[in-house]
Structures are given as structure tokens and as C-alpha cells.
Amino acid sequence: MAAAVSTATFSGYAPPFPSTRISSPSYTPLAASTSRSGLRPLRAAATLREVCAGRVPDHVLQRAEDVGYVVPTEVQEQSLPVLLSGQDCILHAQTGSGKTLAYLLSVFSAIDVRRSSVQALVIVPTRELGIQVTKVARVLAAKACTVMALLDGGMLTRQKSWVKAEPPAIIVATVASLCQMVEKRAFSLGSIKILVIDEVDFIFGSSKQVNSVRKILTSYTAASGRQTIFASASIPQHNRFVHDCIQHKWTKSNVVHVHVNPVQPMPSQLHHKYAICMKKERLHVLLSLLERDAPKSAIIFVAQQSEKSKRAGNPPSSILVVEFMRTAYNGSLEVLLLEENMNFNARATSFTEVKEKGFLLVSTDIASRGFDLPQISHIYNFDLPKTATDYLHRAGRTGREPFSKSECSVTTLITEDEHFVLQRFQNELKFHSQELPLESMFTFNL
Ligand SMILES: Nc1ncnc2c1ncn2[C@@H]1O[C@H](COP(=O)(O)OP(=O)(O)OP(=O)(O)O)[C@@H](O)[C@H]1O
């Protein structure tokens with residue numbers, strides 16, 4: 001699929017800036033030789049090595065090939081020419097489409113491994129995503145340079161001495177930990193050549209993170225002295241965001257918006273279903289679905305408990321589901337829990353355990369961003385997500401094997417009254433979901 005390049009036109013206000021938009025043309029069904037995931041390029045493609053030739057060090061490309069990154073995905077094919085030319089870029093493409101490798105290859109093309117200074121900074125919203133990105137960066141770096149993770153719940157005192165003695169070339173950080181280190185003068189960001197903000201809409205939407213991230217963008221570093229990359233599968237009001245990037249000097253004025261599959265935000269290999277039941281039936285319906293679907297591994301998404309529900313002394317959905325599953329589920333998958341309120345050690349244990357075996361992970365939306373575990377075949381929304389964007393990111397935790405044809409499913413449990421909300425998500429994200437006729441499929445006694 002050839003990328004269309006055009007000068008951006010902004011709806012709703014006059015575009016005073018010469019930024020560029022690259023977007024793949026409106027969605028067309030993929031050719032017969034193409035994977036349903038939409039990840040495979042649509043024409044006989046150059047290899048990743050060819051796309052990156054002369055820009056990314058050979059040892060990094062060799063490592064990428066060794067771990068199986070040979071053919072670029074669509075977002076990599078479209079964005080790498082822009083990224084490797086050093087231009088600022090907003091990477092906007094479906095969940096699981098390969099944005100991480102695209103921006104990490106730019107990081108390796110920008111840094112000089114012979115210099116002893118912090119040259120690249122990747123900012124992520126959660127500790128779990130930080131662990132993943134660090135792992136991929138370390139695989140690509142091999143031993144040519146150091147990659148440090150500065151994440152919430154980490155050992156910042158020890159890292160402070162390390163960063164002073166031997167500055168890592170690349171730092172992957174959560175916003176709070178990074179600011180703490182910079183404010184304690186553990187290191188300065190003056191030598192940063194490239195700054196990546198992953199899940200940028202989430203970070204800008206978080207009242208806890210937005211002020212600090214603005215400082216990182218405009219006080220601790222300056223757009224004119226670095227390459228800036230923002231990535232996400234969802235950038236609501238993206239034209240407005242491009243405008244803000246330029247106006248607030250978060251990027252240079254020629255920032256490029258690479259938007260892949262703009263009219264189909266939901267990956268096409270996901271099969272969406274829903275079951276209408278009463279609240280008190282949901283645990284039993286969920287159990288029946290798990291027995292029927294026999295997932296390889298699954299995430300069961302629950303809502304974070306509201307203050308009102310806490311005050312009323314109700315147990316949170318997470319505990320209700322975990323306790324019910326631990327007693328009633330007889331399958332082979334281990335039932336695990338991940339939520340914001342857990343301490344970092346417990347979070348780390350859950351996160352390590354899910355990587356090692358088949359699991360049923362009961363989680364709040366903390367697992368909905370960036371979590372990349374290819375073995376997840378099923379997603380269940382025990383509680384309806386709050387927004388269409390939340391639905392998109394929860395659903396995107398499955399179907400993450402590039403070039404795979406296997407179908408993955410997303411099942412949402414709703415009450416009759418919630419049906420219209422799901423319909424709104426469908427309209428906004430342009431996907432179809434199929435109703436599961438519960439009466440004929442399950443028999444359960446409450
Ligand atoms: N060129 C490639 N060839 C094979 N596998 C790839 C390639 N690029 C990425 N992948 C794999 O695809 C999966 C999804 O990639 P990644 O995590 O970068 O997606 P993403 O676009 O960042 O998704 P999200 O928005 O959900 O975070 C990962 O398991 C990654 O290893």
C-alpha cells in the first residue's frame with residue numbers, strides 16, 4: 001500500500017504551520033497474499049535491513065534479524081524513512097502494529113555509542129510497559145551500549161550512583177521517576193538527541209503526569225535540539241494535537257504525522273462478541289465462556305473501584321473475579337491479579353509470572369496499554385470500558401503476532417442498559433460485534 005503524502009489540513013482552525021501528514025489511503029481489504037492482521041506490507045516489500053540501510057548500525061540490524069524482525073510491518077515501512085531522516089514524528093497506528101521497533105531503530109540511528117552521555121530517552125506511562133520496552137532495547141543493543149530502566153518502584157538510589165558513574169546511552173523511564181532523578185541532579189537531559197513519548201495520549205490525559213511531561217518537553221530539553229517522537233494507537237483529535245505540538249514547541253514545526261489505517265483503528269483480525277446478562281449472572285457467564293473458549297491465555301478486564309463503592313464497603317470487581325475464579329475455575333490456567341493498588345513487588349511478581357505460563361490475568365486498565373504478550377488469545381471485558389479508546393487498547397492486548405492468521409476474540413459482558421454504550425464504541429471504532437445467545441449456550445444455576 002503506497003503512502004499518500006500531503007500537506008496537513010486542519011479541520012476547525014487555520015493551519016499556520018507547515019507540518020506534513022502521511023496516511024495510508026482509506027482501508028481496502030487486504031490482498032490474498034496478505035496477512036489478515038494488516039501487518040504485512042501490501043506490495044513486495046524491502047526488508048527491514050534495506051529500509052534502514054546506512055542509517056541504523058549493522059549490529060543492531062543483525063540482532064533484529066536474529067530475533068525475527070526481517071520484514072517491516074506497515075507502520076515501520078511508512079515511518080522509518082521519516083524517522084531515520086531525523087524528522088520529528090507522530091507515530092499513529094493500530095495496537096500491535098510494531099511502533100516500538102520503529103522508534104527504537106530511530107533511537108539506535110541517533111545515538112553515538114562511543115560517547116558517554118545520556119542520549120536517548122523513552123518515556124512510558126507504566127512500569128510494566130517500561131520493562132517491556134527496556135527488554136527490546138537491550139536485545140537490539142546487545143552489549144554495544146547500556147540501556148537503563150528508571151521506573152516507578154525501582155531502586156532509584158542505586159541507579160542514581162550508576163547513572164553518575166557510567167551514564168547509559170538510553171534511558172527508558174516513567175515520568176515520575178525521571179523527574180525525581182533530574183530534580184536531584186543525578187543527570188541532566190542536556191545531551192539528549194532523541195526523545196520518545198510512548199502512549200502519548202495517555203500521558204497527556206493523566207493529571208498526575210501531564211505537568212511533568214510538559215517540563216521535560218520544554219524546560220529540561222528543547223525541541224530544536226532533539227528529535228521528538230510521539231507514539232500511540234489512539235490520538236483523539238489528532239489534528240488538534242499536531243497543532244499543539246507545534247504551538248507549544250513540543251516538536252519542530254515540520255513534524256510529520258504518520259497515520260496508518262486512519263479509517264480502521266481496530267485491528268482486523270479481532271473477533272468481537274458480547275453477551276447480555278444481569279450483573280449477578282456475570283461471574284457464572286464468564287466462567288462458562290472460559291470453559292467453552294478454552295483460551296491459551298486471557299486477560300479479564302475489570303473496572304477500577306470507584307470511591308463511592310469503596311465508601312459503601314463493597315469489594316472491588318478485581319477481588320470478586322479473582323476469588324470466584326480461584327474456587328470455581330477448573331482449567332489449567334493460573335489465575336493472576338494485576339491492579340494499580342498492588343505494591344510494586346506484587347505487581348512485579350504477577351508480571352513475571354504471566355510471561356512464563358498460561359494465565360488468566362484479572363486486571364484493571366493498567367494492563368491495557370502496551371502489554372505485549374503474543375500468547376493472549378482472548379480478552380474478556382467483565383466490566384464495560386469507560387471509553388471507546390479504553391475498549392481499543394484492551395482489545396489490542398490480543399492479536400499481537402505479526403503476520404499470524406489466527407483469529408483472536410474480545411468478549412464483553414453487558415447488561416441490557418449498557419448495550420447502547422457498546423454500540424457507541426462500535427460506531428466510533430468501526431467494528432462489528434456479534435451477540436452470544438446465552439440461553440441456548442449455557443445452563444448455569446445461580
Ligand atoms: N517487523 C516485525 N516482524 C516481526 N514481528 C514484529 C515486527 N515488528 C514488531 N513485531 C512484533 O509485533 C508485536 C507488536 O509490536 P509492538 O509492541 O511494537 O506494537 P505497538 O504498535 O507498540 O502496539 P501497542 O500500541 O499496543 O503498544 C511485538 O511482539 C513485536 O515483537
Side-chain angles (χ1 to χ4, degrees), residues 95 266-267 269-303 315-339 350 354 357-365 367-368 371 373-386 390-401 406-423 425-426 429 431-446:
T95 53
M266 186 66 80
Q269 75 275 28
L270 304 187
H271 187 196
H272 304 262
K273 304 174 215 174
Y274 66 95
I276 298 182
C277 59
M278 288 187 290
K279 286 251 181 224
K280 62 175 184 179
E281 294 171 335
R282 274 187 310 172
L283 287 167
H284 292 272
V285 172
L286 177 64
L287 182 64
S288 304
L289 286 168
L290 287 168
E291 284 165 355
R292 195 190 67 132
D293 296 346
K296 274 200 265 176
S297 282
I299 304 186
I300 301 165
F301 279 105
V302 293
S317 283
S318 53
I319 299 302
L320 275 180
V321 177
V322 164
E323 287 183 353
F324 179 79
M325 287 301 154
R326 285 190 175 148
T327 49
Y329 170 73
N330 286 322
S332 60
L333 305 177
E334 178 152 8
V335 179
L336 299 166
L337 173 67
L338 184 68
E339 59 178 341
S350 283
V354 294
K357 49 197 153 197
F359 58 84
L360 283 182
L361 177 68
V362 178
S363 179
T364 54
D365 283 283
S368 74
F371 225 75
L373 298 168
Q375 68 269 41
I376 296 173
S377 56
H378 290 70
I379 297 296
Y380 299 93
N381 288 319
F382 180 79
D383 291 312
L384 193 62
K386 275 197 192 133
D390 292 341
Y391 186 101
L392 177 80
H393 287 275
R394 286 183 181 188
R397 293 319 99 205
T398 186
R400 299 187 68 83
E401 280 188 280
S406 58
E407 212 167 70
C408 300
S409 83
V410 183
T411 308
T412 303
L413 303 186
I414 48 172
T415 59
E416 201 69 71
D417 293 349
E418 290 171 328
H419 194 193
F420 81 97
V421 184
L422 184 63
Q423 278 170 333
F425 296 167
Q426 284 179 216
L429 299 169
F431 68 92
H432 169 74
S433 68
Q434 179 202 347
E435 181 173 359
L436 294 172
L438 282 191
E439 319 75 53
S440 58
M441 287 168 55
F442 308 119
T443 45
F444 46 80
N445 300 316
L446 294 174

Ring-ring centroid check Y391 F431, cutoff 6.0 Å
yes
How long is the span from the OG1 atom in T411 to the CG atom in D293, to the nearest 0.5 Å?
5.5 Å
Can you spot which of L270, I300, T398 makes a side chain to side chain contact (heavy atoms under 4.5 Å, CB included) with I379?
T398
Side chains of L289 and L413 in contact at under 4.5 Å (non-hydrogen atoms)
yes
Take F371 and L361, measure what side-chain contact (heavy atoms from CB on, under 4.5 Å) needs, and give me the verdict at the end.
CA-CA 12 Å; F371 225 75; L361 177 68; 4.0 Å; yes
Distance (rounded to the nearest 0.5 Å) between Q426 CD and M266 CE:
9.5 Å
Identify the two heavy atoms, one from L337 and one from E339, that lie closest to each other, and give their separation to 0.1 Å.
CD2-OE2, 3.8 Å
Shortest non-hydrogen pair, G396 vs R400, comes out as O-NH1, 2.9 Å
What verdict does the side-chain contact (heavy atoms from CB on, under 4.5 Å) test give for L287 and Y329, after you've listed the backbone C-alpha separation in whole Å, the side-chain angles of each residue and the deciding distance to 0.1 Å?
CA-CA 7 Å; L287 182 64; Y329 170 73; 4.0 Å; yes
Partner residues of D365 under the salt bridge (charged side-chain N to carboxylate O under 4.0 Å, His left out) criterion, sequence neighbours left out:
R394
On a heavy-atom basis, which atom in P295 and which in Y380 lie closest, and how many Å separate them?
CG-OH, 4.2 Å
Rounded distance [0.5 Å steps], NZ in K279 versus OG in S317:
7.5 Å
Are V302 and L320 side-chain neighbours, meaning at least one heavy-atom pair lies under 4.5 Å?
no
Separation between CD1 of I276 and CG of L436, rounded to the nearest 0.5 Å
10.0 Å
Counterpart residues, side chain to side chain donor-acceptor pair (under 3.5 Å), relative to T412 (two or more places apart)
N381
Evaluate the side-chain proximity of H272 to L422: yes if any heavy-atom separation is below 4.5 Å, no if none is.
no
Enter the distance from Q423:CD to E418:CD here, rounded to the nearest 0.5 Å.
12.5 Å
Can you name the closest pair of heavy atoms from A367 and R397 and give their distance?
O-CD, 3.3 Å
Dump the intermediate steps for side-chain contact (heavy atoms from CB on, under 4.5 Å) on F359 and L373, then the final yes or no.
CA-CA 11 Å; F359 58 84; L373 298 168; 3.9 Å; yes
Reported CD1-to-OG1 distance for the pair I299 and T364, which is rounded to 0.5 angstrom:
10.5 Å
What are the two closest non-hydrogen atoms of Q434 and H271, and how far apart are they?
OE1-NE2, 3.2 Å
Are Q269 and E401 packed together at the side-chain level, in the sense that at least one heavy-atom pair is separated by less than 4.5 angstrom?
no
Non-hydrogen side-chain atoms of L283 and F382 separated by less than 4.5 Å:
yes
Mark yes or no for whether E291, through its side chain, and S288, through its backbone, hold a donor-acceptor pair below 3.5 Å.
no
Can you give me the closest heavy-atom contact between H378 and S409, atom names plus distance?
CD2-OG, 3.0 Å
